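Before any comments, here is the structure.
The shown structure was predicted, so the numbers you read here are calculated from the model rather than taken from an experiment. These values consider heavy atoms only, across backbone and side chains, with no hydrogens, waters or symmetry-generated copies.
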Amino acid sequence: MIFNSNLNLLKAIGNTPCVKLENLSKLTNHEVWAKLEFMNPGGSIKDRIAMYMIEKAEKEGKLKPGDTIIENSSGNTAMGLAIVCRQKGYKLKIIIRNTTSKEKIKMLEIMGVDVIKVDASLPPTGAGRYLKEKNPDVQIIGVDPVGSIFLRLFQNGKDC
């Protein structure tokens, strides 16, 4: 196998194959296709999200070379952001629960991410606490999609 040293890893994001699931197609009498998002460089569809957010911020002039991005994530979004930030030259700080696997934390650190571990409370709470310690004027604003269980939890103190 020959590797092209000029290949930009970002070009691999989203260029994942579609495959026809023959057995399922026969079983259902309909063509069934699967998009293999696990073949993105970070192993998930979250690579697409990370690239979209960063490129949108660049186009809108909200990101400049050398800027630092801060994200509260312990999952695949963190890895996607790490890949995109590394390729584009942005610094990345990830606020992450201290219960996240050592392997995931180590991988983020290897990719140059400044990993900030917080207690195991809800991530926004831990992240907010950390940021307020650094700057008491920081405002924490929670945003959640319509239909989320967290709205009912916030309004009623329970999720049902």
Side-chain angles (χ1 to χ4, degrees), residues 1 3-19 21 33-60 62-136 138-154 159:
M1 180 178 276
F3 293 98
N4 181 348
S5 62
N6 295 322
L7 179 65
N8 183 329
L9 188 59
L10 298 180
K11 291 180 181 173
I13 294 176
N15 288 319
T16 57
C18 282
V19 294
L21 304 178
W33 292 80
K35 183 83 166 131
L36 304 183
E37 293 295 343
F38 68 89
M39 295 185 75
N40 278 301
S44 86
I45 196 167
K46 298 295 181 88
D47 293 3
R48 287 177 184 256
I49 295 164
M51 190 160 69
Y52 173 81
M53 289 188 298
I54 290 173
E55 289 185 345
K56 184 172 193 266
E58 288 172 334
K59 287 175 188 162
E60 294 174 356
K62 295 177 181 175
L63 269 177
K64 300 177 292 312
D67 278 356
T68 300
I69 296 170
I70 302 173
E71 171 69 2
N72 175 35
S73 171
S74 60
N76 293 328
T77 303
M79 188 58 65
L81 285 169
I83 290 167
V84 178
C85 286
R86 180 86 181 200
Q87 291 292 310
K88 289 182 167 275
Y90 296 111
K91 295 178 210 116
L92 178 62
K93 292 179 185 254
I94 295 288
I95 301 166
I96 199 166
R97 286 178 289 211
N98 60 9
T99 56
T100 302
S101 75
K102 293 177 202 165
E103 296 82 7
K104 187 167 282 193
I105 291 171
K106 186 66 174 170
M107 187 60 156
L108 290 168
E109 290 171 339
I110 287 170
M111 295 181 71
V113 175
D114 181 8
V115 177
I116 301 161
K117 295 178 218 148
V118 295
D119 65 35
S121 62
L122 285 174
T125 305
R129 191 176 312 118
Y130 174 83
L131 292 170
K132 284 232 176 251
E133 286 173 8
K134 300 298 178 193
N135 180 352
V138 165
Q139 292 185 353
I140 308 301
I141 300 168
V143 178
D144 221 11
V146 173
S148 167
I149 63 164
F150 294 112
L151 176 62
R152 292 190 300 273
L153 181 64
F154 174 76
D159 63 358

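I70 CD1 to L81 CG: the interatomic distance, rounded to the nearest 0.5 Å, is 12.0 Å. Distance check, rounded to the nearest 0.5 Å: NZ of K117 to OG1 of T99 gives 11.5 Å. To the nearest 0.5 angstrom, I45 atom CD1 is 10.5 Å from T77 atom OG1. Between atom CD1 of residue I54 and atom CG of residue L92 there is a gap of 7.5 Å, rounded to the nearest 0.5 Å. Note that the NZ atom of K56 and the CE atom of M53 stand 11.0 Å from one another [nearest 0.5 Å]. M51 contributes atom CE, which lies 11.0 Å from atom NZ of K11 (distance to the nearest 0.5 angstrom).
The environment of NZ in K88 is crowded: more than 12 heavy-atom neighbours from other residues, nucleotides or ligands sit within 6.0 Å. Around NZ of K35, the count of heavy atoms belonging to other residues, nucleotides or ligands within 6.0 Å exceeds 12. K132 NZ: more than 12 foreign heavy atoms inside a 6.0 Å radius.
In terms of heavy atoms, I83 sits closest to P41 at CD1-C, 3.8 Å. The nearest pair of heavy atoms linking G14 to R48 is O-NH2, 3.0 Å. In this structure, A12 and N40 approach most closely via the heavy-atom pair O-OD1, 3.9 Å. Contact detail for A82 and V113: the closest heavy-atom pair is CB-CG2, 3.6 Å. Heavy-atom minimum distance, K64 versus Y90: O-CE2, 3.2 Å. Closest approach of S73 and I96 over heavy atoms only: O-CG1, 3.5 Å.
By the side chain to side chain donor-acceptor pair (under 3.5 Å) test, D67 is found to be paired with no residue, residues two or more places apart in sequence or in another chain being considered. For K91, the side chain to side chain donor-acceptor pair (under 3.5 Å) criterion is met by no residue, not counting sequence neighbours. In this structure K102 satisfies the side chain to side chain donor-acceptor pair (under 3.5 Å) test with no other residue, sequence neighbours excluded.
At least one donor-acceptor pair closer than 3.5 Å links the side chain of D47 to the backbone N or O of G42. K46 contributes no side-chain N or O that, together with a main-chain N or O of A78, makes up a donor-acceptor pair within less than 3.5 Å.
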Audit row: R86, L10, side chain to side chain contact (heavy atoms under 4.5 Å, CB included) steps and yes/no: CA-CA 10 Å; R86 180 86 181 200; L10 298 180; over 6 Å; no
task: Starting from the C-alpha separation in whole Å, work towards a yes-or-no answer on side chain to side chain contact (heavy atoms under 4.5 Å, CB included) for I13 and V84.
output: CA-CA 9 Å; I13 294 176; V84 178; 3.9 Å; yes
message: The test is side chain to side chain contact (heavy atoms under 4.5 Å, CB included); show your working for L63 and I69 and say whether it passes.
response: CA-CA 9 Å; L63 269 177; I69 296 170; 4.0 Å; yes
- request: Report the C-alpha separation of M107 and M79 in whole Å, then their side-chain angles, then the decisive distance to 0.1 Å, and conclude whether the side chain to side chain contact (heavy atoms under 4.5 Å, CB included) test is met.
  value: CA-CA 8 Å; M107 187 60 156; M79 188 58 65; 3.5 Å; yes
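Between N72 and R97, the closest side-chain pair of non-hydrogen atoms is not below 4.5 Å.
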